[in-house]
Engineer: 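Input: one structure, supplied below.
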Amino acid sequence: MWRTLASIVAGLIIWTLIVTAIDLVLRAGMPGYLAAEPQLAFTLPMKIARLLEAAITSIATGFIVRAIAPASRYAAWMVGILILAVFIPAHVHIWSKLPVWYHLTFLITLAPLVAAGGFAYAKLRRPATLQTGH
């Protein structure tokens, strides 16, 4: 139980660190991104990059959460749900500044992508005999 709790706390911190690192790369490498960010005046490629940023971050976080607590099948889901709970009010607040498809893509995929990262870790760590059925 303590390991699961530690993985959830770590997952919240890790998600923040990874998304911040990727966002710094977007700011430095995508022309116009830094200027568009304060007003959320993103172009379509910028919106797609932000959604990919969230997807990569979520999958990586779930992978790490499961690595910390490999016996917990639900820790990654819990992290995803907690992150979603944080972002729902934020997206309600900025709802009119971005298209509905952007909000829905981010919010609907958030927890499942964290869980998918956890599933990927479990799948990779499973002994070959269990994977092949022999």
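Both backbone and side-chain heavy atoms feed into the values below; hydrogens, waters and symmetry mates do not. In what follows, residues are counted from 1 in the order of the sequence shown.
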Engineer: Does W2 have more than 12 heavy atoms from other residues, nucleotides or ligands lying within 6.0 Å of its CH2?
Structural biologist: no
Engineer: Under 4.5 Å between any side-chain heavy atoms of W101 and K47, yes or no?
Structural biologist: yes
Engineer: Shortest non-hydrogen contact from A36 to M46?
Structural biologist: CB-SD, 3.9 Å
Engineer: With a 4.5 Å heavy-atom cut-off, do V25 and M30 have their side chains touching?
Structural biologist: no
Engineer: Is it the case that the side chain of H91 and the backbone of L107 share a donor-acceptor pair, with hydrogens and angles ignored and the cut-off at 3.5 Å?
Structural biologist: no
Engineer: Hey, are the side chains of V19 and I22 touching, using non-hydrogen atoms and a 4.5 Å cut-off?
Structural biologist: no
Engineer: L51, I18: one ILVMFWY side-chain cluster at the under-4.5 Å cut-off?
Structural biologist: no
Engineer: If Ile, Leu, Val, Met, Phe, Trp and Tyr residues are connected whenever their side-chain heavy atoms lie under 4.5 Å apart, and connections chain through other members, are I68 and L17 in the same group?
Structural biologist: no
Engineer: Is any side-chain heavy atom of T4 less than 4.5 Å from a side-chain heavy atom of M1?
Structural biologist: no
Engineer: Testing the basics here: between A75 and S7, what is the closest heavy-atom pair and its distance to 0.1 Å?
Structural biologist: CB-OG, 3.4 Å
Engineer: Check this for me: R73, atom CZ, are more than 12 non-hydrogen atoms of other residues, nucleotides or ligands nearer than 6.0 Å?
Structural biologist: no
Engineer: Hey, quick one: are M78 and L5 part of the same hydrophobic cluster, counting side-chain heavy atoms closer than 4.5 Å, chains of contacts allowed?
Structural biologist: no
Engineer: Between E53 and L26, what is the shortest heavy-atom contact and its length?
Structural biologist: OE1-CD1, 3.7 Å
Engineer: Measure up the F106 and F87 rings against each other and bin them: parallel (under 30°), tilted (30 to 60°), perpendicular (over 60°).
Structural biologist: perpendicular
Engineer: Mind checking the OG1-CG spacing from T105 to L98? Nearest 0.5 Å is all I need.
Structural biologist: 11.5 Å
Engineer: Just to verify, what does Y33 make a ring-ring contact (aromatic ring centres under 6.0 Å, His included) with, not counting sequence neighbours?
Structural biologist: F42
Engineer: Looking at side-chain heavy atoms only, is the closest gap between D23 and E37 below 4.5 Å?
Structural biologist: yes
Engineer: Do I64 and I81 belong to the same hydrophobic cluster, where Ile, Leu, Val, Met, Phe, Trp and Tyr are linked whenever their side-chain heavy atoms lie under 4.5 Å apart, directly or via other members?
Structural biologist: no
Engineer: Are any non-hydrogen side-chain atoms of R3 and P70 less than 4.5 angstrom apart?
Structural biologist: yes
Engineer: Taking the side chain as every heavy atom from C-beta outward, state whether W15 and T20 have any atom pair closer than 4.5 Å.
Structural biologist: no
Engineer: Same cluster or not: are I14 and I56 linked, directly or through other Ile, Leu, Val, Met, Phe, Trp or Tyr residues, by side-chain heavy atoms under 4.5 angstrom apart?
Structural biologist: yes
Engineer: Looking at V114 and A76, what are the two nearest heavy atoms and their distance?
Structural biologist: CG1-O, 3.1 Å
Engineer: Which pair of non-hydrogen atoms, one from L110 and one from S58, has the smallest distance, and what is that distance?
Structural biologist: CD1-OG, 3.3 Å
Engineer: Minimum heavy-atom separation for G11 to T61, with atom names?
Structural biologist: O-CG2, 3.4 Å
Engineer: Could you pull out all residues at least two apart from Y74 that satisfy ring-ring contact (aromatic ring centres under 6.0 Å, His included)?
Structural biologist: none
